[in-house]
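Shown next, in structure tokens, is the structure this report addresses.
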Amino acid sequence: MSEIKVRFAPSPTGPLHIGGARSALFNWLFARHDNGKCIVRIEDTDLERSSRESEENILSSLRWLGLDWDEGISVGGPNGPYRQTERLELYRQYTKELLASGWVYRCYCSEEELAAQREVQMAAGEMVGYTGKCRDLSEEDCKRHEAEGRKPVLRFKVPQGKVLTIRDKVRGDVSFDCNGIGDFIIVKSDGIPTYNFAVVVDDYTMGITHVVRAEEHLSNTPLQVLLFEALGWPVPEFAHISLILGKDRSKMSKRHGATSIQQYRDMGYLPEAMVNFLALLGWSPGTEDEVFTLEQIKERFSLERVAKSPAVFDLDKLNWLNGYYIRNSSVERIAELAFPYLQQAGYLPEAVNDRLMEKVRLVTVAVREYLEYMAQVVDYAEVFFKDPAYDDPEAKEVLAQEQVPIVFGALQDKLTGAGALDEIGAKAMLKKLPKELGLGGKLVFQPLRVGLTGKTKGPELHHLLPALGGPKVIERLKNALQTRG
RNA sequence: GGCCCCAUGGUCAAGCGGUUUAAGACACCGCCCUUUCACGGCGGUAACCCGGGUUCGAAUCCCGGUGGGGUCACCA
């Protein structure tokens, strides 16, 4: 069997979307599982909306996710260029061929005429499609239109009375009646090919064996198959994966919240969590495991196990998964990831020394189990960097308890003159405290927590003490005492 | 509206004719752990869209209905 070759072909009209990312991922998984090749091609034939900025964003998001490609944009290859606007000459060549073989004809209908016609068809409940008005224009007709300054589009002559069956690797056989397909445009009046045409030329010339893409392209497939056949080219295999839906079960879009990979990256989601989550949206390993590396998914992946039904994007599950990865990554990595958020929040100065780096590490140890995504570190870490205001009613109540001065004094005494505390030391010191004071744990620890943070809940005291450091602890306890009035 | 796709708990999903009193995960609820919150552990609530067939037997196959979605551009 010949080598599998797939492509991910985004149009650079915006940042990489969650759905696009999953399509790219499934392409990659499918190909790599069989040691096949991946291509990234840029479909920028929409001159109005395409931008280099979007292209850059898409590529960087793909790399961030850990997806690589053997051939394509920015890595080159034997079938380039990989940007459609740089392949215009190639399309022109096949346009000529199609014109010569009579599969394609010039159409001079204006957009206004077509829109009006479409409305009539819609209203009448008919299949919407070009009626073939310009199909049999004579050479003179064409000249006359040209003389009027009309620029033609090129339309494909869709054969009538034919039923096309597409063999889809996830959906099975899907049939379309050609009578329901109007003669579609393959070259716009500005000479730029349309998506359906460019895709076919590229997929053939690049040797694509399998087209894995979102279900929204399913209805385009018969048009493309028609083109492959007209050109006498082999038709690749197709696999249309279901869409990702928002909470309201409609196609995911901006109004459903964050939809681009970039946004999740900015919020501090880890790429491996994102990949894991996306893979589970529509694919399942068939076992009870849920947590996988890209590599492990690759080993297990097959299109047979891809679901046909659409999947709702479940942020709760993403958060759980991401939190899981955060909890199970090294403290060093999480501290490094936390750093920019802490800095942005103004907790850290521009220039940081080793002592501050160590503090960030200790803070990370204390708060990472709370995090669903890194941006949340700002809230949880606040108590380590900002002195408390003691304005919470519940906190005031705790501080008003009569044993508070004794408890604070005891800890202050222990800390005064003591060296730097580590987690173990802090734990030991704290553990002895209740017994020494002859008080219950709650009467000791709750006031200390409030005294140190101004809040009744938060990180472990044995994490708090080392991160804050002896002098800061003493200072805060003193301030807390003063608020008792 | 035409065409196409889809249909198991709130969500993701396992199940591919009998081994199912229908897995697992997220979310939710309860208990435990614990100085708090979280983490973790244990347990619980909760589903085969409806109607016909086929079959000894259907969540699993077929047909119809209903529901949801996609698509009908000189966008991809």
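Chain identifiers are assigned alphabetically (A, B, ...) following the order of the sequence lines, protein sequences preceding nucleic acid strands; residue numbering begins at 1 within each chain.
- With both ends at atom P, the span from rU34(B) to rA47(B) equals 36 Å, rounded to whole Å.
- In terms of polar N and O atoms assigned as donor or acceptor, the side chain of Gln121(A) never comes within less than 3.5 Å of the base of rG1(B) in a complementary pairing.
- Here rA13(B) presents its P atom at 13 Å from CZ of Phe313(A), a figure rounded to the nearest Å.
- Counting any heavy atom pair closer than 4.0 Å across all strands shown, Leu430(A) reaches no nucleic acid atom.
- Nucleotides rA13(B) and rG51(B) place their C1' atoms 27 Å apart, quoted to the nearest Å.
- With rU71(B), rA23(B), rA76(B) as the choices, the nucleotide that has an atom nearest any side-chain atom of Glu43(A) turns out to be rA76(B).
- Each of Glu369(A) and Phe176(A) lies near RNA chain B, and the nucleotide nearest Phe176(A) is the one positioned closer to the 5' end.
- Contact annotation: Ser284(A) reaches the phosphate of rA14(B) (side-chain N/O to OP1 or OP2, under 4.0 Å).
- Distance noted for atom C1' between rA38(B) and rC32(B): 15 Å (whole Å).
- With sequence neighbours excluded, the residues forming a ring pair (Phe, Tyr, Trp, His ring centres under 6.0 Å) with Tyr380(A) are Tyr370(A), listed by chain and number.
- Contact check on Glu215(A) versus Lys251(A) returns no salt bridge, with no Lys/Arg side-chain nitrogen under 4.0 Å from an Asp/Glu carboxylate oxygen.
- Look at Arg249(A) and you'll find a side-chain N or O under 4.0 angstrom from OP1 or OP2 of rC12(B).
- Between Ile181(A) atom CD1 and rC4(B) atom P there is a gap of 11 Å when expressed in whole angstrom units.
- In the model, Arg213(A) has a side-chain atom that pairs as donor or acceptor with a side-chain atom of Thr221(A) under 3.5 Å.
- Checking Thr205(A) against Arg87(A) by side-chain atom types alone, a donor-acceptor pair falls below 3.5 Å.
- Remark: C1' of rG67(B) and CG of Leu245(A) are 14 Å apart, rounded to the nearest angstrom.
- Taking atom CZ on Arg449(A) and atom P on rU35(B), their separation rounds to 11 Å, with Å as the unit.
- Note: CG (Asn276(A)) to C1' (rC26(B)) measures 13 Å, nearest angstrom.
- Listed for the Asn276(A) side chain is a donor-acceptor partner under 3.5 Å among the backbone atoms of Phe292(A).
- Rounded to an integer number of Å, the gap from NZ of Lys435(A) to P of rU35(B) is 13 Å.
- Side-chain N/O atoms of Arg327(A) include one lying less than 4.0 angstrom from OP1 or OP2 on rG40(B).
- Using a 4.0 Å heavy-atom distance criterion, Ser175(A) is classed as a sugar-phosphate-only contact.
- The separation of rG53(B) from rC6(B), taken at their C1' atoms, amounts to 22 Å, rounded to a whole angstrom.
- Here rG2(B) presents its P atom at 25 Å from OH of Tyr130(A), a figure rounded to the nearest Å.
- The closest side-chain donor-acceptor pair between Asp46(A) and Tyr195(A), if any, does not fall under 3.5 angstrom.
- Rounded to the nearest Å, the gap between the C1' atom of rU45(B) and that of rC28(B) is 9 Å.
- A donor N or O paired with an acceptor N or O is not found under 3.5 Å between the base of rC6(B) and the side-chain atoms of Ser309(A).
- Within the 4.0 angstrom heavy-atom criterion, base atoms lie near His217(A).
- Counting any heavy atom pair closer than 4.0 Å across all strands shown, Cys109(A) reaches a base atom.
- Judged by distance alone, the side chain of Arg155(A) and the main-chain N or O of Asp183(A) form a donor-acceptor pair under 3.5 Å.
- Pairing for rG9(B) is absent, with no Watson-Crick or G-U wobble pair whose two atom distances lie under 3.5 Å.
- In this structure rU54(B) sits in no base pair that meets the Watson-Crick or G-U test at under 3.5 Å.
- With a cut-off of 3.5 Å on both Watson-Crick or G-U wobble distances, the partner of rG30(B) is given as rC42(B).
- Aromatic ring centres of Phe156(A) and Trp103(A): separated by under 6.0 Å.
- Sorted by first then second residue, the ring pair (Phe, Tyr, Trp, His ring centres under 6.0 Å) pairs that include residues 382-401 of chain A, not counting sequence neighbours, are Tyr347(A)-Phe385(A).
- Checking Thr13(A) against Ser54(A) by side-chain atom types alone, no donor-acceptor pair falls below 3.5 Å.
- At rA73(B), one or more side-chain N or O atoms of Arg118(A) fall inside 4.0 Å of OP1 or OP2 (strictly under the cut-off).
- When the side-chain nitrogen and oxygen atoms of Lys188(A) are compared with OP1 and OP2 of rC75(B), one or more of them lie within a distance under 4.0 Å.
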What are the atom names and distances for every N/O pair under 3.5 Å that joins the protein to nucleotides 27-30 of chain B?
none

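- Gly129(A) comes within 4.0 angstrom of no nucleic acid atom, judged by non-hydrogen atoms across all strands.
- No side-chain donor from either of Gln117(A) and Glu113(A) sits under 3.5 Å from a side-chain acceptor of the other.
- Figure legend. rG2(B) is base-paired to rU71(B); pairs are counted as Watson-Crick or G-U wobble with both atom distances under 3.5 Å.
- Using a cutoff of 4.0 Å between basic side-chain nitrogens and carboxylate oxygens, Asp173(A) and Arg167(A) are scored as salt-bridged.
- Using Watson-Crick or G-U wobble geometry with both donor-acceptor distances under 3.5 Å, rA59(B) finds no partner in any strand shown.
- Put simply, the side chain of Asn220(A) and the base of rA76(B) share a donor and an acceptor less than 3.5 Å apart.
- rC61(B) and rG44(B) are spaced 36 Å apart, taking the C1' atom of each and rounding to whole Å.
- OP1 or OP2 of rA76(B) lies within a sub-4.0 Å distance of a side-chain N or O belonging to Thr45(A).
- Taking only distance into account, the side chain of Tyr370(A) meets the base of rC37(B) through a donor-acceptor pair shorter than 3.5 Å.
- Residue Lys457(A) has its side chain nearest to rU36(B) when only rG70(B), rU36(B), rU11(B) are considered.
- Counting non-hydrogen atoms under 4.0 angstrom, Arg305(A) reaches the backbone sugars and phosphates but no base.
- For Glu216(A) and rC5(B), the CD to P distance is 17 Å, given to the nearest whole Å.
- Looking at the side chain of Leu218(A), the nearest of the listed nucleotides rC4(B), rU35(B), rG24(B) is rC4(B).
- Considering only the side chain of Gln446(A), rU36(B) comes nearest among rU36(B), rU71(B), rA76(B).
- Base-pair partner of rU35(B): not found among the strands shown (Watson-Crick or G-U wobble, both distances under 3.5 Å).
- Nucleic acid contact class of Val153(A) (heavy atoms, under 4.0 Å, all strands): base.
- Across the C1' atoms, rC74(B) and rC48(B) are found 47 Å apart, a figure rounded to whole Å.
- The phosphate of rU71(B) has OP1 or OP2 within less than 4.0 Å of a side-chain N or O from Lys251(A).
- One C1' atom belongs to rU55(B), the other to rC49(B), and the distance between them is 23 Å to the nearest Å.
- Residue contacts shown for Gly180(A) are absent, as no nucleic acid heavy atom lies under 4.0 Å away.
- Where Glu215(A) and Glu460(A) meet RNA chain B, the nucleotide closest to each residue was compared, and Glu215(A) sits on the side nearer the 5' end.
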